[in-house]
Amino acid sequence: TADGDILIEAGGDIGQTALVSSTAGDIGLVAGSHITQSAAGDVTTTSGDVLVQATSGSWTMSGDATIQAGGSDVLGLAGAHIELGVIRMTNVTANRVAFEAGGSITDANGSSINVEETTATAATSLSLRAGTIIGGAGSTTSAANDSALDLDVDTVAASSATGIYLREITAGGAIEVDTASSVTIDIDGVVRSDFDSGTTDVSEDRSLASLADLRTSADGPLTLVAAAGSITSEGGGNADGVSADGTGDVLLEARGGSSDVIVNATVQSGSGNITLDADRHVDVNAAVTVASGGGTIYSLSGEDTDIDGAVSTADGDILIEAGGDIGQTALVSSTAGDIGLVAGSHITQSAAGDVTTTSGDVLVQATSGSWTMAGDATIQAGGSDVLGLAGANIELGVIRMTNVTANRVALEAGGSITDANGSSINVEETTATAATSLSLRAGTIIGGAGGTTSWTNDSALDLDVD
């Protein structure tokens, strides 16, 4: 059509092998069962919206099949599965895409794009709801997954049972996990031509509400990779951002030299592993939590990492690695896991930047720089061992050893090992009958002579060890 709407309805299936197009009209394909689009079965509207509904069946696009819409909205619904070719959004201001399937939403074209905006400055959101899986883990390696959905959008939200696999392509840049807009399609300009030369309104309208967060509900893993941009977890109106149920793992990975992982809303799993991986910075401003079991937390940044939100596990280890500095102003804790902070340069812990493990060990390494604790910052370990290493200096707050049998503390610095809290304790055991040892190696001085009188020296290291 030129300006008019197009509505194709079938009580059974719709099969499309040729172009359906309008200049200014909306387009709807509504089938009682399945919809199948071949490589040539494109749908194009220059300034209209598109609705596709396979009511009780599947909507299957060939990998090269394309839906192109310039009117801001595309809505896809299927009682069974959705297999995506290309959805291309051409509005220069705002685009809203929403898909819901009773089964899976999967990728029909490998590493090629599935949902894209054509104007980088447009605000484009995508919501995905699936009864089973979104994307897939097939052909996965440590660096690639051709079964993931390939996106060029600004905001994404998704909910599924058994897994979510998403990739923001290089051209897409940064992506946010936040509220994806509601979508309403109203094909209200279509009429039926009647036998008596009259017309009957046959309009159709469908809608999906807004959706926030990334979430799985049945042990589903959750992975979001940005090929050349930052990933930001936002709350979408609440404190939650990313949540994998049960044993499902979480991966947020931002690739590229200027790419960050920014956690402004919680990232959590039931008992699965959580990985935050950024080629530049990791910035944790909200809680990152493994609620139970042996799930681990691994954070890796090419440059600096800031821990300003609590990081915690039940029984799993925690390892925070940074190519540059680690700054910590919030608790890092585990019940039974070991905890490691390993920085290429400096580690700085504020008064609230404690590390606590009930029955695990602690490693702190500032490889070429200094490890600096505020006077009230505390490392508490119940697993017997604390090891601290610094290429430059170590400035100690409190190291508290809680194992009731034996404790071993070893500190080594290329420069000095000094006291950050005056006459307060630096290294202590909490059980007097425990056998607690401390070794100190420094390139320059251990403690200090400042403030010394014949009776006191607040620059000395203050110990409660055997």
Side-chain angles (χ1 to χ4, degrees), residues 233 242 250 252 261-269 271-278 281-301 304-367 369-390 394-402 409 411 420:
S233 170
V242 175
V250 174
L252 301 179
V261 170
I262 303 167
V263 178
N264 290 333
T266 60
V267 175
Q268 56 191 329
S269 73
S271 60
N273 304 305
I274 295 176
T275 298
L276 309 176
D277 186 349
H281 303 313
V282 171
D283 189 2
V284 177
N285 302 305
V288 178
T289 307
V290 178
S292 64
T296 65
I297 294 176
Y298 179 47
S299 174
L300 175 65
S301 64
D304 299 339
T305 291
D306 290 317
I307 305 298
D308 302 314
V311 176
S312 63
T313 65
D315 301 329
D317 294 344
I318 299 173
L319 179 57
I320 298 170
E321 289 190 294
D325 298 339
I326 294 175
Q328 184 191 350
T329 67
L331 177 66
V332 176
S333 65
S334 179
T335 302
D338 299 329
I339 299 175
L341 307 179
V342 179
S345 189
H346 303 290
I347 296 175
T348 304
Q349 295 171 284
S350 75
D354 298 337
V355 174
T356 301
T357 172
T358 306
S359 58
D361 301 322
V362 175
L363 166 67
V364 180
Q365 179 175 334
T367 307
S370 294
W371 168 26
T372 304
M373 301 177 71
D376 293 332
T378 300
I379 291 178
Q380 181 168 303
S384 292
D385 295 305
V386 169
L387 175 60
L389 306 168
I394 296 175
E395 189 171 355
L396 286 176
V398 181
I399 296 177
R400 181 173 297 129
M401 307 302 295
T402 62
V409 182
L411 306 175

Could you please spell out the steps behind the side chain to side chain contact (heavy atoms under 4.5 Å, CB included) verdict for Leu411 and Ile399? CA-CA 11 Å; Leu411 306 175; Ile399 296 177; 4.2 Å; yes

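- Ser292 and Ala314 get closest at one heavy-atom pair: CA-CB, 3.6 Å.
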If you apply the rule side chain to side chain contact (heavy atoms under 4.5 Å, CB included), what do you find for Asp325 with Thr348, and how did you get there? CA-CA 8 Å; Asp325 298 339; Thr348 304; over 6 Å; no

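- Using modelled atom types, one side-chain atom of Thr402 and one backbone atom of Ala381 make a donor-acceptor pair closer than 3.5 Å.
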With side chain to side chain contact (heavy atoms under 4.5 Å, CB included) as the test, would you mind laying out the steps for Val355 and Gln328 before giving the verdict? CA-CA 10 Å; Val355 174; Gln328 184 191 350; 3.8 Å; yes

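- When all heavy atoms are compared, the tightest approach of Ile347 to Gln365 is CD1-O, 3.3 Å.
- Atom CD1 in Ile318 sits 9.0 Å away from atom CG in Leu341 (nearest 0.5 Å).
- Shown here for Asp315 and Ala336, the closest heavy-atom pair between the two residues is OD1-CB, 3.5 Å.
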Decide side chain to side chain contact (heavy atoms under 4.5 Å, CB included) for Val261 and Asp277; before the verdict, give the C-alpha distance in whole Å, the side-chain angles of both, and the deciding distance to 0.1 Å. CA-CA 7 Å; Val261 170; Asp277 186 349; 5.8 Å; no

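- Atom-to-atom distance recorded for Ile326:CD1 and Glu321:CD is 8.0 Å, nearest 0.5 angstrom.
- In terms of modelled atom types and a separation under 3.5 Å, the side chain of Ser370 and the main chain of Thr372 share no donor-acceptor contact.
- Summarising the geometry, atom CG belonging to Asp306 is positioned 5.5 Å from atom CG belonging to Asp283; distances are rounded to the nearest 0.5 Å.
- Heavy atoms only, all atoms of each residue included: Thr378 and Asp354 are closest at N-OD1, 2.8 Å.
- Ser334 and Thr313 share a side-chain donor-acceptor pair at under 3.5 Å.
- Residues Asp317 and Thr296 have side chains that never bring a donor and an acceptor to within less than 3.5 angstrom of each other.
- Separation of atoms CD1 (Ile274) and CG (Leu252) is listed at 8.5 Å; rounding is to 0.5 Å.
- You'll find the side chain of Thr289 stays beyond 4.5 Å of the side chain of Thr266, heavy atoms only.
- Separating the CG atom in Leu389 from the CG atom in Leu363 is a distance of 6.5 Å, to the nearest 0.5 Å.
- Closest approach of Ser233 and Val242 over heavy atoms only: OG-CG2, 4.0 Å.
- How far CD of Gln349 is from CD1 of Ile307: 11.0 Å, rounded to the nearest 0.5 Å.
- Without hydrogens or angle criteria, Asp338 side chain to Asp361 main chain gives a donor-acceptor distance under 3.5 Å.
- Minimum interatomic distance between Ala343 and His346 (heavy atoms only, all atoms of both residues): CB-O, 3.5 Å.
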